[in-house]
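Working notes, structure below.
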Amino acid sequence: MIKDDVKDPHAARLHTLLYVEDDTANLKLVAQIIARHPDMRLLSAVNGNSGIEIARASLPEAIVMDINLPDINGFKALAILRADPATAHIPVIALSANADPLNIESGLEAGFFRYLTKPIGVDELVDALEMALAVAGKRFGRNK
């Protein structure tokens with residue numbers, strides 16, 4: 001007899017992602033991209049402080065962070081996340097309109113997992129998210 005509350009061990013694991021972005025069009029675009037991936041669930045925040053709160057409350061497996069946010073910038077938000085033992089391990093992908101090589105280098109040196117530039121490249125974003133999820137899975141001893 002199969003119980004209704006027993007989960008299929010072969011079912012896809014749901015991955016939680018957080019996107020911190022104040023631009024509505026970019027939020028909608030990323031939501032559309034993630035909607036094509038049934039194993040991913042998207043949370044969103046419109047500023048750095050609410051992104052930090054959501055990250056602490058939901059512990060997503062990966063975060064995509066805009067750099068230019070209305071309250072604190074993505075670098076400051078990353079520093080706060082890295083200083084908190086509960087969120088320090090979460091891969092954070094920068095997503096910025098600033099494509100200057102020095103800014104990209106600064107972002108990677110600051111601890112961003114990847115630094116992607118806008119306009120958003122769908123394949124590039126999905127690849128970065130898959131790499132981040134693979135890293136998150138290894139850190140927790142899980143397979144992707």
field: For Ala55, all residues meeting side-chain contact (heavy atoms from CB on, under 4.5 Å), sequence neighbours excluded
entry: Leu18, Pro60, Ile63, Leu81, Thr87
field: Residues in side-chain contact (heavy atoms from CB on, under 4.5 Å) contact with Asp100, at least two apart in sequence or another chain
entry: Asn98, Leu102, Asn103
Please output the side-chain donor-acceptor pairs of residues 22-32 that fall under 3.5 Å, not counting sequence neighbours, one pair per line with the distance.
from  : atom 1 : to    : atom 2 : distance (Å)
Asp23 : OD1    : Ala25 : N      : 3.1
Asp23 : OD1    : Asn26 : N      : 2.8

Donor-acceptor pair, side chain of Asp71 and main chain of Asn49, under 3.5 angstrom: yes
message: Can you pull out every ring pair (Phe, Tyr, Trp, His ring centres under 6.0 Å) where at least one residue sits in residues 16-48? Sequence neighbours excluded, please.
response: none
task: Hey, could you give me each pair passing ring pair (Phe, Tyr, Trp, His ring centres under 6.0 Å) that has a residue in residues 40-81? Not counting sequence neighbours.
output: Phe75-Phe112
query: So, do Arg36 and Val126 sit near enough that their side-chain heavy atoms are less than 4.5 Å apart?
result: no
query: Taking the side chain as C-beta and beyond, is there a heavy-atom pair between Leu42 and Leu17 under 4.5 Å?
result: yes
Check side chain to side chain donor-acceptor pair (under 3.5 Å) between [X] and all other residues, then give those that pass, not counting sequence neighbours.
{"X": "Thr16", "value": "Arg41"}
{"X": "Arg82", "value": "none"}
{"X": "Ser106", "value": "none"}

- request: Enumerate the residue pairs fulfilling salt bridge (Lys or Arg N to Asp or Glu O under 4.0 Å) with a member in residues 103-115, sequence neighbours excluded, ordered by first and then second residue.
  value: none
Closest heavy-atom pair and its distance - [X], [Y]:
{"X": "Ala45", "Y": "Ile54", "value": "CB-CD1, 3.8 Å"}
{"X": "Ala86", "Y": "Leu59", "value": "O-CD2, 3.3 Å"}
{"X": "Ser58", "Y": "Leu43", "value": "OG-CD1, 3.3 Å"}
{"X": "Ala136", "Y": "Glu61", "value": "CB-O, 3.5 Å"}
{"X": "Pro91", "Y": "Val135", "value": "CG-CG1, 4.5 Å"}
{"X": "Ala94", "Y": "Ile67", "value": "CB-CD1, 3.9 Å"}

query: Residues two or more places apart in sequence or in another chain: which of them pass salt bridge (charged side-chain N to carboxylate O under 4.0 Å, His left out) with Lys76?
result: none
- request: Could you list the residues that satisfy salt bridge (charged side-chain N to carboxylate O under 4.0 Å, His left out) with Asp84, not counting sequence neighbours?
  value: Arg56
From [X] [atom1] over to [Y] [atom2], what is the distance, rounded to the nearest 0.5 angstrom?
{"X": "Asp66", "Y": "Asn73", "atom1": "CG", "atom2": "CG", "answer": "10.0 Å"}
{"X": "Ile93", "Y": "Tyr115", "atom1": "CD1", "atom2": "OH", "answer": "13.5 Å"}
{"X": "His15", "Y": "Ile34", "atom1": "NE2", "atom2": "CD1", "answer": "11.0 Å"}
{"X": "Asn68", "Y": "Glu21", "atom1": "CG", "atom2": "CD", "answer": "9.5 Å"}

task: In sequence, state the C-alpha distance, the side-chain angles, and the governing distance for Leu129 and Ile33, and then conclude on side chain to side chain contact (heavy atoms under 4.5 Å, CB included).
output: CA-CA 11 Å; Leu129 286 171; Ile33 293 167; 5.9 Å; no
